[in-house]
Amino acid sequence: MVIEDIEREHDRRASLDADEALALLADDLDAGLRRVEKRGVGDADGLLRAVMRPRFWSAPVLSSMAARDPERFTDTVLDRFVRLANIDPEPRFRDDAARDVRESVIAHRLNGPVYGALAEALFSLAWSEAAVYADHVAQLGDVDHDASDELVCRTLAATQDSEAAIGWLLHRPEWYWLGWGHDRWPVMDVVAMHSGRCSDGHFIRLEDAILTFSPALENEECRGFGRYELLTVLDRERMSDDARRQLMELHHRFVRKS
C-alpha cells in the first residue's frame, strides 16, 4: 500500500461519525484478536502488540473518539482489551536488570494508541463520577496483567475515593511497572491526588512505603530516584520530619544546581 492510500484510510477514519467509527474500530480489534488466536501464543509478542496498534488509526483520532463519548468508547474497547490480556502468555514479564531508570521506559507489550485512548476514557468516567467506572475497575481487577493494573492506576488518579485509591496502591508495590517513563507516571498522579485526602492510617502506610521504596531495578547511579519523584508529590502538610529530610537530601542529589 502506497503512502497516499494510507493517508486516505487515515482521513476516512477521521471523517466517520461516532457510530461508524466505533463499529469499524471494533471490527479491526476483532480481526487482530482472531489473528492472535489463530496463530497461537508461539508468535504472540508481535501479534499482541499489533492489536493495540491497528492500521490506519492514529492516536489523535482515537483520543478524540474517547473524549467525545468515553462510556461508549470504553464499552467498545474494554472487553476486547480484557480478552487480549487474558491471551498473553507472559502477563507480568519482568526484565529486572538494574538500570538508570531516569533513561528508561518500562512498558508492557499491550501499550499502543488504542490502549492510551482507553486509559483516557476511563479517566474521564472516573473524573465525572460516572457510576459505571467502578464496574470497569472491578472488571480490570480480575485480569492478571501489568497492563490492566496500569489502567486501574490511571483511573484511580481521577476518582474521588481517596481511601480506595491509596489502599489499592499499597497492595501493588511494584510501582515502576505501572507506567514508568511515560509523560506522567500514574503512581505519582495517585499520590498527588489522594495523599492529602486519605485517612491518617493510609497516609502513614503510604509514606512508609515511599520512604522504603528502593527496588533492585535502580542501579547505583539512580538509587532513590523513584522515591524522590514520589516524595515531591506527597502531601507536604502531612509529611513527617523523616520524609522532609529525605526529600531534601534526594533533591540535592538529583537536581543540579544552576
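The residues Glu249 and Arg227 are annotated as not salt-bridged, no charged nitrogen and carboxylate oxygen being separated by less than 4.0 angstrom. Of the charged side-chain nitrogens involved, none lies within less than 4.0 Å of a carboxylate oxygen, so that Arg34 and Glu37 do not count as a salt-bridged pair. Residues Arg238 and Asp200 are paired through a salt bridge, judged by an N-O separation under 4.0 Å between the basic side chain and the carboxylate. Using a 4.0 Å cut-off between charged side-chain N and carboxylate O, Asp96 and Arg94 make no salt bridge. At a threshold of 4.0 Å, the pair Asp75-Arg72 does not count as salt-bridged, since none of the basic side-chain nitrogens sits closer than that to a carboxylate oxygen. Residues Arg80 and Asp28 are not paired through a salt bridge, judged by the lack of any N-O separation under 4.0 Å between the basic side chain and the carboxylate.
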Name the atoms and distances for all side-chain donor-acceptor pairs under 3.5 Å in residues 130-140, with sequence neighbours left out.
from   : atom 1 : to     : atom 2 : distance (Å)
Tyr133 : OH     : Thr159 : OG1    : 2.5
Gln139 : NE2    : Asp79  : OD1    : 2.7

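Remark: side-chain polar atoms of Tyr176 are not paired, donor with acceptor, to backbone N or O of Val101 under 3.5 angstrom. A distance-only check finds a donor-acceptor pair linking the side chain of Glu207 to the backbone of Ser240 [under 3.5 Å]. The backbone N or O of Glu129 sits nowhere less than 3.5 Å from a side-chain atom of Gln160 that would complete a donor-acceptor pair. No donor-acceptor pair closer than 3.5 Å links the side chain of Glu120 to the backbone N or O of Ala66. The backbone N or O of Asn111 sits less than 3.5 Å from a side-chain atom of Arg53, completing a donor-acceptor pair. Side chain of Arg154 to backbone of Asp189: no donor-acceptor contact under 3.5 angstrom is found.
When the options Leu231, Thr232, Leu230 are evaluated for a side chain to side chain contact (heavy atoms under 4.5 Å, CB included) with Tyr228, the one that passes is Thr232.
With hydrophobic clusters built from ILVMFWY side chains whose heavy atoms lie under 4.5 angstrom apart, Leu151 does not share a cluster with Phe123. Met52 and Phe93 are members of different hydrophobic clusters when ILVMFWY side chains are connected at heavy-atom separations under 4.5 Å. Hydrophobic clustering (side-chain heavy atoms under 4.5 Å, transitive across Ile, Leu, Val, Met, Phe, Trp, Tyr) groups Leu122 together with Leu29.
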Query - Intermediate values then yes/no, side-chain contact (heavy atoms from CB on, under 4.5 Å), Met239 and Leu247 - result: CA-CA 10 Å; Met239 286 176 70; Leu247 175 58; 4.1 Å; yes
Query - Check against salt bridge (Lys or Arg N to Asp or Glu O under 4.0 Å), Arg12 and Glu9 - result: CA-CA 5 Å; Arg12 183 171 77 86; Glu9 285 296 322; 3.4 Å; yes
Report task. Take Trp168 and His194, measure what side-chain contact (heavy atoms from CB on, under 4.5 Å) needs, and give me the verdict at the end. Result -> CA-CA 12 Å; Trp168 183 91; His194 299 295; over 6 Å; no
**Report entry** Intermediate values then yes/no, side-chain contact (heavy atoms from CB on, under 4.5 Å), Leu169 and Leu156
**Finding:** CA-CA 9 Å; Leu169 198 62; Leu156 290 177; over 6 Å; no
Report task. For the pair Asp142 and Val82, evaluate side-chain contact (heavy atoms from CB on, under 4.5 Å) and give the outcome as yes or no after the intermediate values. Result -> CA-CA 9 Å; Asp142 291 333; Val82 168; over 6 Å; no
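Heavy atoms only, all atoms of each residue included: Pro89 and Leu48 are closest at CD-CD1, 4.1 Å. Between Trp175 and Leu206, the shortest heavy-atom contact is CH2-CD1, 4.5 Å. The heavy-atom pair separating Val105 from Gly181 by the smallest distance is CG2-O, 3.5 Å. Closest heavy-atom contact between Cys222 and Arg99: SG-O, 3.4 Å. Between Phe81 and Ser148, the shortest heavy-atom contact is CZ-N, 3.8 Å. Summarising the geometry of Ile166 relative to Ser195, their closest heavy-atom pair is CD1-N, 4.4 Å, with the distance given to 0.1 Å.
Interatomic distance, NE2 of His10 versus OG of Ser58, reported as 6.5 Å (0.5 Å rounding). Rounding to the nearest 0.5 angstrom, the gap separating the CD1 atom in Ile210 from the CZ atom in Arg205 is 12.5 Å. Note that the CG atom of Asp144 and the CG atom of Asn86 stand 9.0 Å from one another [nearest 0.5 Å]. Arg49 CZ to Leu84 CG: the interatomic distance, rounded to the nearest 0.5 Å, is 11.5 Å.
By the side-chain hydrogen bond (donor to acceptor under 3.5 Å, both in side chains) test, Glu20 pairs with no residue at all, sequence neighbours left out. Judged as a side-chain contact (heavy atoms from CB on, under 4.5 Å), and not counting sequence neighbours, the contacts of Glu229 are Trp180, Trp185, Met188, Phe225.
Residue-environment remark: CG (Asp95) exceeds the threshold of 12 foreign heavy atoms within 6.0 Å.
Classified by interplanar angle (parallel below 30°, tilted 30° to 60°, perpendicular above 60°), the ring pair His145/His108 is perpendicular.
A cation-pi arrangement, defined by a distance under 6.0 Å to the six-membered ring centre and an angle within 45 degrees of its axis, is absent between Arg92 and Trp177.
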